[in-house]
Number of protein chains: 2
Amino acid sequence: MDNVKISQALSDPIRYKILMMLVRSENACCPVISNNAVESPVGLCNCEIMNELSMIQSRVSYHMKELVETGLVNEEPRGKWKYYFANSKKMLDYVDQLKLDFNLE
Amino acid sequence: MDNVKISQALSDPIRYKILMMLVRSENACCPVISNNAVESPVGLCNCEIMNELSMIQSRVSYHMKELVETGLVNEEPRGKWKYYFANSKKMLDYVDQLKLDFNLE
DNA sequence: TGATTATATCAAAATATGTTGATATAATTA
DNA sequence: TAATTATATCAACATATTTTGATATAATCA
């Protein structure tokens, strides 16, 4: 089921942290202009996540791919960068399905 | 973090299904009296899960241990049986934490 | 154009997780 | 008490996931 796949995506501490970072970056009131990505400062690119979490590049790529594949994260290539955005809709769907499956609330 | 551990518990299709079974068994309006466990028909024992899912005994034991360790499931030994109960409180805590971490609603 | 920069992908290795059959423990029943 | 039943645990194996370093691709910059 879809919720099992999403749980699996959330079950890695690095991916969980990355998701939180994406959410925060999108909710920042005054988005930071970083890495020359001036036009659209929301979202984070591979290299920003890499620096933030002190991870090597291929490791970041791997985890971002996992997140994108579940639909929890959307991507948008911009020049030589790739920007990532949390997909709140998907997260809400996950939560709603949990409520149904486990009779919550 | 706690939510990562819980996501990991939910990331196995068998465990996810078992949790749903426990929730359903507890919400049944007319609990089924099964397997001689007459006094307290709610909850499910190892052997019932085993039969229901056609799994060998050690496999069920393994998954129940995982679920109990996260707190998603509580156990109560009764005679030679062990009964399991979904812990809705824990599930709600999980959902609430998701909402906080991912800025939902 | 050539050098640089950002990301993707791959194969190998490391690590973690799940499954099985065997055996152990402990309560129950005959 | 002996046989039966339910569950736990263990070691071996199978499978899946994560990490790494190397190499490839493609956009940008000088």
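Everything quoted here is computed from the prediction, not taken from an experiment. Residue numbers start from 1 in every chain, and the chains themselves are labelled A, B, ... in the order their sequence lines are given, proteins ahead of strands. Hydrogens, waters and symmetry mates play no part in the numbers below; they use all other heavy atoms, side chains included.
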What integer distance in Å separates [X]:[atom1] from [N]:[atom2]?
{"X": "A:N46", "N": "C:dT9", "atom1": "CG", "atom2": "P", "value": "11 Å"}
{"X": "A:L44", "N": "C:dA6", "atom1": "CG", "atom2": "P", "value": "15 Å"}
{"X": "B:K82", "N": "C:dT25", "atom1": "NZ", "atom2": "C1'", "value": "12 Å"}
{"X": "A:E52", "N": "C:dA6", "atom1": "CD", "atom2": "P", "value": "16 Å"}
{"X": "B:E76", "N": "D:dA6", "atom1": "CD", "atom2": "C1'", "value": "16 Å"}
{"X": "A:K80", "N": "D:dT28", "atom1": "NZ", "atom2": "C1'", "value": "5 Å"}
{"X": "A:K5", "N": "D:dA16", "atom1": "NZ", "atom2": "C1'", "value": "14 Å"}
{"X": "B:Y83", "N": "D:dT5", "atom1": "OH", "atom2": "P", "value": "16 Å"}

For the pair A:K89 and A:D96, find out whether any cationic side-chain nitrogen is under 4.0 Å from an anionic carboxylate oxygen.
-> no
Between A:K17 and A:D12, is the closest basic N to carboxylate O distance under 4.0 Å?
->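 Not counted as a salt bridge, because no side-chain N and carboxylate O are separated by less than 4.0 Å.
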Enumerate the residue pairs fulfilling ring pair (Phe, Tyr, Trp, His ring centres under 6.0 Å) with a member in residues 51-73 of chain B, sequence neighbours excluded, ordered by first and then second residue.
-> none
Pair B:Y94 and A:F102, ring centroids less than 6.0 Å apart |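 Between B:Y94 and A:F102, the centre distance exceeds or equals 6.0 Å.
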Non-neighbouring partners of B:K82 that pass salt bridge (Lys or Arg N to Asp or Glu O under 4.0 Å), sequence neighbours left out |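 With neighbours one apart ignored, the set is B:E75.
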So, for B:S11 and A:V4, which heavy atoms are closest and what is the spacing to 0.1 Å?
->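 What the structure gives for the nearest pair is O-CG1, 3.4 Å.
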Heavy atoms under 4.0 Å is the rule here; annotate nucleotides 16-24 of chain C 5' to 3' with B where the base is hit, S where only the sugar-phosphate is, and - elsewhere.
-> -SBBBBB--
